[in-house]
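Okay, so here's the structure we're looking at.
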Amino acid sequence: MSTKTCHFQAEVSQLLDIVVHSLYSRKEIFLRELISNASDAIDRAIYEGLTDKAIVADAPTWEIYLRVDKTARTLTIEDNGVGMDAATIESCLGTIARSGTKAFLEAAKAKTGSNAPETIGQFGVGFYAAFMVATNVTVNSLARGPNATAVRWCSAGDGDYTVSDGDRTTPGSAVTLQLREGMDEFLEEWQLRNLVKQHSDFISYPIRFVDAAKPPAVAPAPINTMRALWKRAKSEITPAEYNEFYQHLAHDRHDPLKVIHVAAEGAVEFRALLFLPSESTFDMMMPSSQRRKGLHLYVRNVFIGSDFEALLPEYLRFVRGVVESSDLPLNVSREMLQDDAVIRKIRSNLVGKVLATLAEMKKDDAPAFQKFFRAFGRILKEGIHFDHEHAAKLQDLLLFPSVRTENDGLLSLRQYRDAMPAKQKEIYYLVAENLATARQSPQLEAIQQHGCDVLFFVDPIDAWVAEDLTEFDGCKLRAIDQGDLELGTAEEQTVAKQQRDEADKSFRPVLDFIREKLSDELSAVRLSPRLTDSVCCLVAGQGRMSPSMERMMRAMNQDVPKELRILEVNPAHPLLARMQQMLDADRNDPKLADYVELLHGQALLAEGATPRDPRKFTKLVAALMA
Ligand code: ADP
Ligand code: MG
């Protein structure tokens, strides 16, 4: 192969620039990242070697070397893991986080603006962190297995890289950094020992230090202790160690919000070290194939994989960590994991632990729980639909904004229930596209006058939550834009109904007229118990799909039949009397038909929808104004 020069994907060059110039304050993390990659490469070699003996034909002693050459000013991180062939090296090192790069850059821009580096740190810069300290990076690699050819990858981190034939003769990879001016500390043994101790002590393969200027030792003593954190007693682990391990594992620059360390004995023995992150990452809402796998499974010290779904359900996919069990066969495959009885026991135990931890956090540290819920609530809510076994526990964890919560405050169902006035019999909620639309809904008018609060279901997933969550603590949940709404005490209801029936007699002709004009949109037109100020609103019939649900389904490309709606009009509004007068004077007055159109358009606008004929609507409004 001749040397070939390739260009990084456009986004990669941008990202490299940010990495090199903005992450400077923590430049030493490059070492943790490269050691992590070396350790991952060995994990993969061991795992693949379980089924393919050719991979481990050389019966290797798994190890990682840090080599310094003070004369050449280079630092090399070398492993004898899986290695890379030319194709792998191009696909792995020519793109960052492969599918996620572009989405990441967009998210970083949108979210933090000038603060982008925070987000980048969170994302984990991985291999590219090397350019913070190096002017040039060379990777010499030989993939494991027969017929592999050595390959060399070189880049100055400025947008291009070269791939050429390599000369490595033993399987594995060596990443050599030509250090930048002023980075000589990374040639010092004491400094490298220090950094390994701090960031990589738990790496489970020996990390050995070699100085090219000194006579070679056969196998220098490891500089890490290799003690897997999850195997140690909780009492002897410091918060700093937990944090460091989490950052290594999750590629997150922040400390975790919560640590869950489990050592289960009995029918199934396993250990788990789980973390709740403090912030969401952009990939959480992506399809599972594009997500970083956050939960690693080890069987007898061998890394098996990051099979997330078998160990924890999808709705807990924000959980990061490690699970280790000796009760599983080493050759366990992903397919076997799905229906293995031991895995099922572990899974149900872990789900219980995570939910219990969240419940405890909600009780003892409400601000932390709110922070958690803002970041991951919409993922957790998926459980309401998919995990009926834990439905009750999940319900207790839900938080929603409401009419009464200010700004972005959140309320639990329990808090809502406890604050309900005695005469209120149901838990009221309104599904809407967003909080602003919800807060302005005319549907809230009379309810508020009755001293009741309304929960806002404004996450896309909430439409489904509403379907599954029909009752809480013996109290039905009730969409306020659906069916008849009975507010107040029994007497108040009777009085209100009498008044409406009375008014209905005088307004019936105009109500029927409206219905007739909008017969393909409406199933009925009636006087409203919901409104105090607004002139009209649309509601769904009892048991019919609520309007907001219908819109949500359409937005998600679901095929839903068009529901006829009920138009409710406010009898106290002068417009209704005016229209009745016009009708009495001249049934064929063209203005009357226009008013009907405007009325319907307003009702749609109020719920965040568009009038059925926006052009006609605006023309009519303009004509009225002129
Ligand atoms: P991540 O480790 O999060 O996947 P990195 O940027 O650190 O991202 O590495 C990118 C990819 O390059 C890795 O996923 C791996 O496939 C490959 N890689 C990096 N270093 C090595 C190595 N020492 N041996 C084999 N593959 C490696
Ligand atoms: Mg990495």
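Computation of the quantities below employed the complete heavy-atom set of this structure, encompassing side-chain atoms and omitting hydrogens, waters and symmetry-equivalent molecules. Both counts, for ligands and for their atoms, begin at 1 and track the order of listing. Along the sequence shown, residues are numbered consecutively beginning with 1.
In terms of N/O distances under 3.5 Å, ligand 1 is approached by Asn37. Residue-to-ligand polar distances place Phe127 within reach of ligand 1: an N/O pair is separated by less than 3.5 Å.
For Lys393, the side chain to side chain contact (heavy atoms under 4.5 Å, CB included) test picks out Leu355, with sequence neighbours left out. Shown here are the side chain to side chain donor-acceptor pair (under 3.5 Å) partners of Asp255, two or more places apart in sequence or in another chain: Asn243, Gln247.
Panel detail: the Mg ion (ligand 2) has protein N, O or S atoms under 2.8 Å away, 1 in number.
Under 4.0 Å from ligand 1, the heavy atoms of Asp79 that appear belong solely to its side chain. By the criterion of a heavy-atom distance under 4.0 Å, the side chain of Leu93, and not its backbone, is placed next to ligand 1.
Among pairs with a residue in residues 350-362, none fulfils salt bridge (charged side-chain N to carboxylate O under 4.0 Å, His left out), at least two apart in sequence or across chains.
Checked for salt-bridge contact, Arg193 and Glu188 miss the test: no charged N lies under 4.0 Å from a carboxylate O.
Between the side chains of Thr74 and Asp69, not a single donor N or O lies within less than 3.5 Å of an accepting N or O.
Between Phe245 and Trp230, the ring planes are tilted. Angles from 30° to 60° get that label. Below 30°, between 30° and 60°, or above 60°: for Phe275 and Tyr246 the angle between ring planes is between 30° and 60°, a tilted geometry.
Among Ser36, Ala41, Ala130, Gly172, the residue whose heavy atom sits closest to atom 25 (C) of ligand 1 is Ala41. In this structure, of Cys92, Ser141, Ala143, the residue bringing a heavy atom nearest to atom 17 (C) of ligand 1 is Cys92.
Each of Leu31, Leu34, Thr76 was scored for a side-chain contact (heavy atoms from CB on, under 4.5 Å) with Leu177, with one residue passing: Leu34.
Residue contact check for ligand 1: Glu33 places no non-hydrogen atom closer than 4.0 Å to it.
Aromatic ring centroids of Phe369 and Phe372 lie under 6.0 Å apart.
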